There are 2 protein chains.
Amino acid sequence: MPKKRILPYVLLGLINNKGSLSGYQISQEFKNEVGDFWHASHSQIYPELGRMKDDGWLKDHDEDKSTFYTLTTEGHQILRTWMQEPLDDNEELFSLKLYFIKDESDPLLNTLLKEELQIKQTKLDYLQGRLQTVFDTENKIKDNYGHYLILTRAIERESNHINWLKNKL
Amino acid sequence: MPKKRILPYVLLGLINNKGSLSGYQISQEFKNEVGDFWHASHSQIYPELGRMKDDGWLKDHDEDKSTFYTLTTEGHQILRTWMQEPLDDNEELFSLKLYFIKDESDPLLNTLLKEELQIKQTKLDYLQGRLQTVFDTENKIKDNYGHYLILTRAIERESNHINWLKNKL
DNA sequence: CAGGACATGTAAACCGTTACATGATTAA
DNA sequence: TTAATCATGTAACGGTTTACATGTCCTG
């Protein structure tokens with residue numbers, strides 16, 4: 001199966017968040033925090049917006065030398081469906097989807113948090129298992145100290161994330 | 001400038017860690033812990049090993065139907081130089097380089113930790129600034145709750161990483 | 001009036017994945 | 001003996017970046 005494309009959904013989500021955006025504004029968005037978990041260059045954005053309009057996900061209108069895009073009804077549906085698709089072990093996707101939730105009372109918020117908690121718990125278990133099998137003696141730690149460090153770091157990282165998730169649930 | 005290729009250095013580091021590896025063994029490595037912060041498929045690995053041999057970074061010898069690769073003197077130098085290049089805001093690279101440090105007493109260890117600390121501190125400052133400028137009123141939090149969540153999460157994440165780094169220094 | 005930001009577009013190059021291929025060895 | 005694993009290779013495809021291009025508007 002071909003690799004799942006995310007860019008169109010990112011654009012859908014970003015435009016939906018602001019109501020309406022131009023290609024240029026989207027590329028500016030990626031220079032702020034959105035850029036921490038997703039990025040696209042203008043040479044990707046403009047053609048993609050064109051395709052999405054052709055597919056009926058977006059409608060556009062010109063104003064002040066810019067072309068602004070807004071979601072169509074179909075676009076809203078497609079975004080909604082994508083938002084409800086199960087997460088995988090990819091923190092960027094989790095952040096992205098969270099970013100697209102505007103209202104604290106959106107029931108999707110809790111679904112996302114629970115799903116992410118499940119995934120991270122599984123990962124933490126896996127990492128702790130690795131730590132015990134790979135570093136069962138002091139000597140193995142000494143001989144692969146860097147590896148030991150990043151493994152323990154990864155465990156602390158996941159624990160921290162899990163605690164945060166539990167706190168928000 | 002063209003985008004910096006990392007794969008050859010990853011291969012250099014992995015082979016150096018184990019002394020000598022075949023292409024197949026490398027692709028197996030990526031299925032274990034290494035796979036948590038880097039991955040490459042065999043269709044990338046084999047041609048890359050060939051190129052690196054052509055470039056004089058590696059030498060090979062056949063044994064048991066497999067081709068094993070070892071660093072040349074030049075390969076060692078190139079790896080060393082790359083390890084000493086400054087880090088950027090890319091946690092995978094930090095983990096990768098740590099992974100390639102075998103000995104706790106390697107002076108590079110402290111250099112890496114200090115550099116990463118500096119980078120993360122800068123990032124934390126930036127994120128805290130964003131929090132204050134973007135969410136200066138309660139209403140803005142209410143209206144972009146998901147965004148607020150990921151921003152505060154990012155801040156906690158960086159703080160946790162910074163504390164870990166300080167603890168190791 | 002020059003340099004930077006705004007605004008959009010396309011072509012080429014690059015990197016990585018999936019798929020297609022092949023053959024040897026080993027365990028059920 | 002047949003399926004799985006070992007072991008390597010290459011072709012096609014797709015997504016992203018860099019580079020090339022063009023024109024406007026605003027500010028110092």
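The sequence lines fix the lettering, A, B, ..., with proteins before strands; numbering per chain opens at 1. Please read all numbers here as calculations on a predicted model, not as lab measurements. Note that these values count all heavy atoms, side chains included, but never hydrogens, waters or copies made by symmetry.
Between A:Ile26 atom CD1 and C:dG9 atom C1' the separation is 15 Å, expressed in whole Å. As rounded to whole Å, 10 Å separates atom P of C:dG9 from atom NZ of A:Lys53. Counting to the nearest Å, the P atom of D:dT8 and the CD atom of B:Gln28 are 11 Å from each other. B:Leu7 has its CG atom 10 Å from the P atom of C:dC15, to the nearest Å. Put simply, CG on A:Asp60 is 11 Å from P on C:dT8, counting in whole angstrom units. The NZ atom of B:Lys4 sits 15 Å away from the C1' atom of C:dC14 (whole-angstrom rounding). When rounded to the nearest whole Å, the span between CG of A:Asp64 and C1' of C:dT8 equals 15 Å. Here D:dC6 presents its P atom at 11 Å from CD of B:Gln25, a figure rounded to the nearest Å.
The phosphate of D:dG14 (OP1 or OP2) has no side-chain N or O of A:Arg5 nearer than 4.0 angstrom. Close to D:dT8, at under 4.0 Å from its OP1 or OP2, lies no side-chain N or O of B:Tyr24.
A side-chain donor-acceptor contact under 3.5 Å links B:Tyr9 and B:Lys4. Judged purely by distance below 3.5 Å, without hydrogens or angles, the side chains of A:Arg153 and B:Asn160 pair a donor atom with an acceptor atom.
Both B:Thr67 and A:Lys65 lie near DNA chain D, and the one whose nearest nucleotide falls closer to the 5' end is B:Thr67.
Of the possible polar contacts, one joining the A:Gln25 side chain to the A:Ser22 backbone as a donor-acceptor pair under 3.5 Å is found. With A:Ser27 contributing its side chain and A:His42 its backbone, the two residues share no donor-acceptor pair below 3.5 Å. When atom types are taken as modelled, the side chain of A:Lys97 and the backbone of A:Trp82 share a donor-acceptor pair closer than 3.5 angstrom.
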Distance-only donor-acceptor hits, side chain of residues 100-117 of chain B, under 3.5 Å, sequence neighbours excluded:
| residue | atom | partner | partner atom | Å |
| --- | --- | --- | --- | --- |
| B:Lys102 | NZ | B:Asn17 | O | 2.8 |
| B:Asp103 | OD1 | B:Ser105 | N | 2.9 |
| B:Asp103 | OD1 | B:Ser105 | OG | 3.0 |
| B:Asp106 | OD1 | B:Leu108 | N | 2.9 |
| B:Thr111 | OG1 | B:Pro107 | O | 3.1 |
| B:Glu115 | OE2 | B:Leu87 | N | 2.6 |

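Ring orientation note: the planes of B:Phe135 and B:His147 are nearly perpendicular, at an angle over 60° on the 30°/60° scale.
DNA chain D is contacted by B:His42, B:Ser43, B:Tyr46 of residues 34-51 of chain B, taking any non-hydrogen atom closer than 4.0 Å.
When the local axes at the two ends of the helix from C:dC1-D:dG28 to C:dA28-D:dT1 are compared, using 5 base pairs at each end, they differ in direction by 30° after rounding to 10°.
The one candidate from A:Asp88, A:Asp125, A:Asp89 that meets the salt bridge (charged side-chain N to carboxylate O under 4.0 Å, His left out) condition with A:Lys120 is A:Asp89.
The CD atom of B:Gln118 sits 11.5 Å away from atom CG of B:Leu165, with the distance rounded to the nearest 0.5 Å.
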